[in-house]
A.B. asks: 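First the structure, then my questions, so here it is.
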Amino acid sequence: MSLLITGGTGYIGSHTVVELQALANEQDIVIVDDLSNSSTKVLDRIEKITAKTVTFIKADICDYEAMNEVFSLHSIDAVIHFAGHKAVGESSEKPLSYYYNNVSGTVILLKVMAAHNVKKLVFSSSATVYGDNTSPLNETMPTSATNPYGQTKLMIEHILFDLAKSDSDWSIACLRYFNPIGAHESGFIGENPNGIPNNLLPYVAQVAVGRLAQLQVFGDDYDTVDGTGVRDYIHVVDLAQGHVKALQNLDKISGCKAINLGTGNGTSVLEIVNTFKEISGQNIPYKIVPRRAGDLATVYADANLAHELLDWQATRDLHAMISDTWRWQSENPQGF
Ligand code: NAD
Ligand code: WQD
């Protein structure tokens, strides 16, 4: 039996493949990725870490025929679906590209899965679906979205709930990630954004390594510990292990279940900058600028459901997250 990982050469997908390969009873891994935001160099790095090979197929999840062929050639048992576009700002500039790639692509994937009677799915959702609810955020809260990217995650969640309601054979975990950061401790794989990073950690890491001159801190007048935004940063390897646990516990999930993957703790922008400075020994120049539109003061998870349902909780602290980010960035200053 094989496990299909869409978007498996991406940041979270690659770390998840490494954790899956570490299992004693591992299944064959088939990665489908169109390489729109990743590189095949990741495959060599995964092999270097795990000493195991994966099957890689360059394909677009929006291509029904190509996806159908993947399922015809491989005996797929379950799917972890990471593939999608993820830049919030870009999604407002190119909404159709986001709705097509993320929503239509997922519908096509689901149709192919159904046609091949594969009804086990772990999906990459996001804490962005909580809109402006007050933290700690729990899975029973009402959902909403403020940008096209967030809308795609919300729409896909609705599709998955409807699908599971229509056919009780489906088992679906919608994992709502908080802020994934860090890298594999080997320093061989990590986050490799194209162009100027949108997210805090890759930005800080590129300032530390000298690729960018200065960080802009978006607002220091929030009602938080030091006035800067607070987020629930989670080590990408903890997140990857959350996927392994979700997969192992899919049988316990009847229908579709939304589950937070976060630590339950919040860290401010300046706490990140100061910890990064301390660990890297590098100067990290920054300037306080006005708030970024759409940002909330504080976002962190109620992480209890994942513990109860999946027997999973994050174990890596901020020191590990930042040390591993720095190892990856300093050993691969230009990425892959
Ligand atoms: P990533 O861009 O590194 O990985 C996504 C991968 O999907 C890339 O390798 C890309 O080439 C591939 N892809 C995109 N469209 C495709 C298509 N049509 N067909 C085949 N492959 C395609 O992103 P990531 O950070 O690893 O995120 C993975 C998933 O998790 C995404 O769905 C993202 O929305 C979600 N997510 C990410 C974060 C985060 O902060 N990184 C937070 C919450 C949710
Ligand atoms: C974190 C904090 C910023 C950059 C986004 C998406 C969300 C999810 C994760 C996918 C905030 C501050 C940032 C910078 C800064 N992605 N910041 N200077 O906004 O919590 O979430 O990524 O699902 O959907 O919205 O993460 O890393 O952009 O910001 O001061 O250059 O850092 O204001 O307080 P965010 P982030």
Side-chain angles (χ1 to χ4, degrees), residues 5-16 31-40 42 57-63 66-67 80-89 91 97-98 100-102 104-106 108-109 123-130 145-147 149-150 152-153 156 174-181 189-194 196-204 206-207 212 214-220 222 224 227-234 236 239-240 243 261-262 266-270 272-273 286-300:
I5 316 288
T6 74
T9 44
Y11 172 47
I12 304 169
S14 57
H15 288 83
T16 302
I31 294 177
V32 164
D33 200 299
D34 67 356
L35 303 176
S36 54
N37 198 37
S38 56
S39 146
T40 51
V42 173
I57 299 160
K58 183 175 185 291
D60 182 343
I61 56 161
C62 300
D63 181 342
M67 294 307 292
I80 307 184
H81 176 34
F82 294 103
H85 295 333
K86 64 165 181 177
V88 171
S91 77
S97 160
Y98 274 68
Y100 181 66
N101 195 56
N102 294 6
S104 305
T106 300
I108 289 164
L109 171 68
F123 170 63
S124 296
S125 190
S126 167
T128 194
V129 301
Y130 287 115
T146 52
N147 55 70
Y149 167 74
T152 68
K153 291 295 172 190
I156 295 166
C174 274
L175 302 180
R176 294 177 175 167
Y177 313 156
F178 281 69
N179 291 60
I181 64 167
I189 55 173
E191 192 170 7
N192 186 33
N194 278 328
I196 308 279
N198 299 303
N199 295 115
L200 179 65
L201 258 293
Y203 204 108
V204 170
Q206 290 192 18
V207 171
L212 293 170
Q214 186 182 50
L215 171 73
Q216 296 193 319
V217 174
F218 299 139
D220 69 347
Y222 289 107
T224 61
T228 64
V230 165
R231 296 291 181 272
D232 186 339
Y233 297 97
I234 173 168
V236 66
L239 194 71
H243 289 74
L261 293 186
T267 305
S268 77
V269 175
L270 289 182
I272 291 279
V273 171
Y286 68 84
K287 180 170 81 174
I288 308 289
V289 299
R291 294 178 178 192
R292 183 171 66 179
D295 271 356
L296 297 174
T298 300
V299 180
Y300 62 93

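Counting convention: from 1, in listed order, for ligands and their atoms alike. These values consider heavy atoms only, across backbone and side chains, with no hydrogens, waters or symmetry-generated copies.
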A.B. asks: Indicate the atoms forming the closest heavy-atom contact of A145 with G150, along with that distance.
C.D. replies: CB-C, 3.4 Å

A.B. asks: Over 60° means perpendicular and under 30° means parallel, so classify the ring planes of Y149 and Y98, tilted if in between.
C.D. replies: perpendicular

A.B. asks: Counting only heavy atoms closer than 4.0 Å, does ligand 2 sit against the backbone of V230, its side chain, both, or neither?
C.D. replies: neither

A.B. asks: Can a cation-pi geometry be assigned to R291 and Y222, taking NZ or CZ under 6.0 Å from the six-membered ring centre and within 45° of the ring axis?
C.D. replies: yes

A.B. asks: Counting only nitrogen or oxygen atoms and a 3.5 angstrom limit, does R231 reach ligand 2?
C.D. replies: yes

A.B. asks: Which residue owns the protein heavy atom closest to atom 12 (C) of ligand 2, what's the atom, and how far is it?
C.D. replies: V269 CG2, 3.7 Å

A.B. asks: May I ask you to list the atoms of ligand 2 that are less than 4.0 angstrom from any heavy atom of N198?
C.D. replies: 4 (C), 28 (O)

A.B. asks: Has T6 got any heavy atom lying under 4.0 angstrom from an atom of ligand 1?
C.D. replies: no

A.B. asks: Return the closest protein heavy atom for atom 33 (C) of ligand 1 as residue, atom name and distance.
C.D. replies: Y149 OH, 3.7 Å

A.B. asks: Taking a cutoff of less than 4.0 Å between a non-hydrogen atom of the residue and any ligand atom, is G105 in contact with ligand 1?
C.D. replies: no

A.B. asks: I'd like to check which ligand 2 atoms, numbered from 1 as shown, lie under 4.0 Å from a non-hydrogen atom of V88.
C.D. replies: 6 (C), 25 (O)

A.B. asks: A quick test of your reading: do over 12 heavy atoms of other residues, nucleotides or ligands sit less than 6.0 Å from CZ of F218?
C.D. replies: yes

A.B. asks: Once you restrict to heavy atoms under 4.0 Å, what part of L200 touches ligand 2? Side chain, backbone, both or neither.
C.D. replies: both

A.B. asks: Polar-atom distance check: S126 versus ligand 1, any N or O pair below 3.5 Å?
C.D. replies: no

A.B. asks: Among all protein heavy atoms, pick out the one at the shortest distance from atom 4 (O) of ligand 1; state its residue, atom name and that distance to 0.1 Å.
C.D. replies: G10 CA, 3.4 Å

A.B. asks: Can an N or O of H85 be found at a distance shorter than 3.5 Å from an N or O of ligand 1?
C.D. replies: no

A.B. asks: Report yes or no: does a heavy atom of A59 sit under 4.0 Å from some atom of ligand 1?
C.D. replies: yes

A.B. asks: List every atom of ligand 2 that sits less than 4.0 Å from any heavy atom of S126, numbering the atoms from 1 in the order shown and giving each element.
C.D. replies: 10 (C), 23 (O), 24 (O)

A.B. asks: Return yes if some donor-acceptor pair links the side-chain N/O of N102 with the main-chain N/O of H85 below 3.5 Å, else return no.
C.D. replies: yes

A.B. asks: If we ignore angles and hydrogens, is there a donor and acceptor under 3.5 Å between the side chains of S125 and Y177?
C.D. replies: no

A.B. asks: Within less than 4.0 angstrom of ligand 1, does K153 place any heavy atom?
C.D. replies: yes

A.B. asks: How does Q216 reach ligand 2, if at all, at less than 4.0 Å between non-hydrogen atoms: by side chain, backbone, both, or neither?
C.D. replies: backbone

A.B. asks: Can you tell me the protein heavy atom closest to atom 24 (O) of ligand 2 and the distance?
C.D. replies: T128 CB, 3.5 Å

A.B. asks: What residue and atom, counting heavy atoms only, is the protein's closest point to atom 19 (O) of ligand 2, and at what distance?
C.D. replies: R292 NH2, 2.8 Å

A.B. asks: Counting from 1, what ligand 2 atoms have a heavy atom of Y149 closer than 4.0 Å?
C.D. replies: 10 (C), 23 (O), 24 (O)

A.B. asks: Check each of S124, P202, S14 against atom 35 (C) of ligand 1 and report the one with the nearest heavy atom.
C.D. replies: S124

A.B. asks: Answer with yes or no whether the side chains of N37 and N194 bring together a donor and an acceptor at under 3.5 Å.
C.D. replies: yes

A.B. asks: Any nitrogen or oxygen of Y177, side chain or backbone, less than 3.5 Å from one on ligand 1?
C.D. replies: no

A.B. asks: Just need the protein heavy atom nearest to atom 3 (C) of ligand 2, so name the residue and atom and give the distance.
C.D. replies: D295 OD2, 3.4 Å

A.B. asks: Return a yes/no value for F178: is any of its N or O atoms, backbone included, closer than 3.5 angstrom to an N or O of ligand 1?
C.D. replies: no

A.B. asks: With heavy-atom distances below 4.0 Å as the criterion, list the atoms of ligand 2 near Y233.
C.D. replies: 1 (C), 2 (C)

A.B. asks: Looking only at protein heavy atoms, which one is nearest to atom 40 (O) of ligand 1, and how far off is it?
C.D. replies: P180 CD, 3.3 Å

A.B. asks: Check each atom of ligand 2 against the heavy atoms of N179 and keep those under 4.0 Å away; list them by number with element.
C.D. replies: 20 (O), 21 (O), 26 (O), 35 (P)

A.B. asks: With backbone taken as N, CA, C and O and side chain as the heavy atoms from C-beta onward, which portion of A127 lies under 4.0 Å from ligand 1: side chain, backbone, both, or neither?
C.D. replies: neither

A.B. asks: Within the structure, does I12 bring an N/O atom to less than 3.5 angstrom of an N/O atom in ligand 1?
C.D. replies: yes

A.B. asks: How close does the nearest protein non-hydrogen atom get to atom 31 (C) of ligand 1, and which residue and atom is it?
C.D. replies: F82 O, 3.1 Å

A.B. asks: Going by distance only, is there an N or O of S125 that falls short of 3.5 Å from an N or O of ligand 1?
C.D. replies: no

A.B. asks: Among all the protein's non-hydrogen atoms, which is closest to atom 11 (O) of ligand 1, and how far away is it?
C.D. replies: D33 OD1, 2.6 Å

A.B. asks: Looking only at non-hydrogen atoms, which of P193, G8, A83, S39 approaches atom 7 (O) of ligand 1 most closely?
C.D. replies: A83

A.B. asks: Which is closest to atom 14 (C) of ligand 1 in terms of heavy atoms, A87, G84, S91?
C.D. replies: G84

A.B. asks: Quick one: look at L35 and ligand 1, take heavy-atom pairs under 4.0 Å, and tell me if it's side chain, backbone, both or neither.
C.D. replies: backbone

A.B. asks: Among all protein non-hydrogen atoms, which one is nearest to atom 15 (C) of ligand 2, and what is the separation to 0.1 Å?
C.D. replies: F218 CD1, 3.3 Å

A.B. asks: Pull out every atom of ligand 2 sitting under 4.0 Å from any heavy atom of V217, numbered as shown with elements.
C.D. replies: 30 (O)

A.B. asks: Validate the cation-pi geometry between R231 and F178: distance from NZ or CZ to the six-membered ring centre under 6.0 Å, angle to the ring axis within 45°.
C.D. replies: no

A.B. asks: What do we get for N199 next to ligand 2 when only non-hydrogen atoms under 4.0 Å count, side chain, backbone, both or neither?
C.D. replies: both

A.B. asks: Can you tell me which residue and heavy atom of the protein come closest to atom 15 (N) of ligand 1, and the distance to 0.1 Å?
C.D. replies: N101 ND2, 3.0 Å

A.B. asks: For ligand 1, which part of I61 has a heavy atom less than 4.0 Å away: the side chain, the backbone, both, or neither?
C.D. replies: both

A.B. asks: Among all protein heavy atoms in this structure, tell me which lies nearest to atom 2 (O) of ligand 1, with the distance rounded to 0.1 Å.
C.D. replies: N37 ND2, 2.7 Å

A.B. asks: Is any N or O atom of Y11, backbone or side chain, closer than 3.5 Å to an N or O atom of ligand 1?
C.D. replies: yes

A.B. asks: Any idea which protein heavy atom is nearest atom 22 (C) of ligand 1, and the distance to it?
C.D. replies: D34 OD1, 3.1 Å

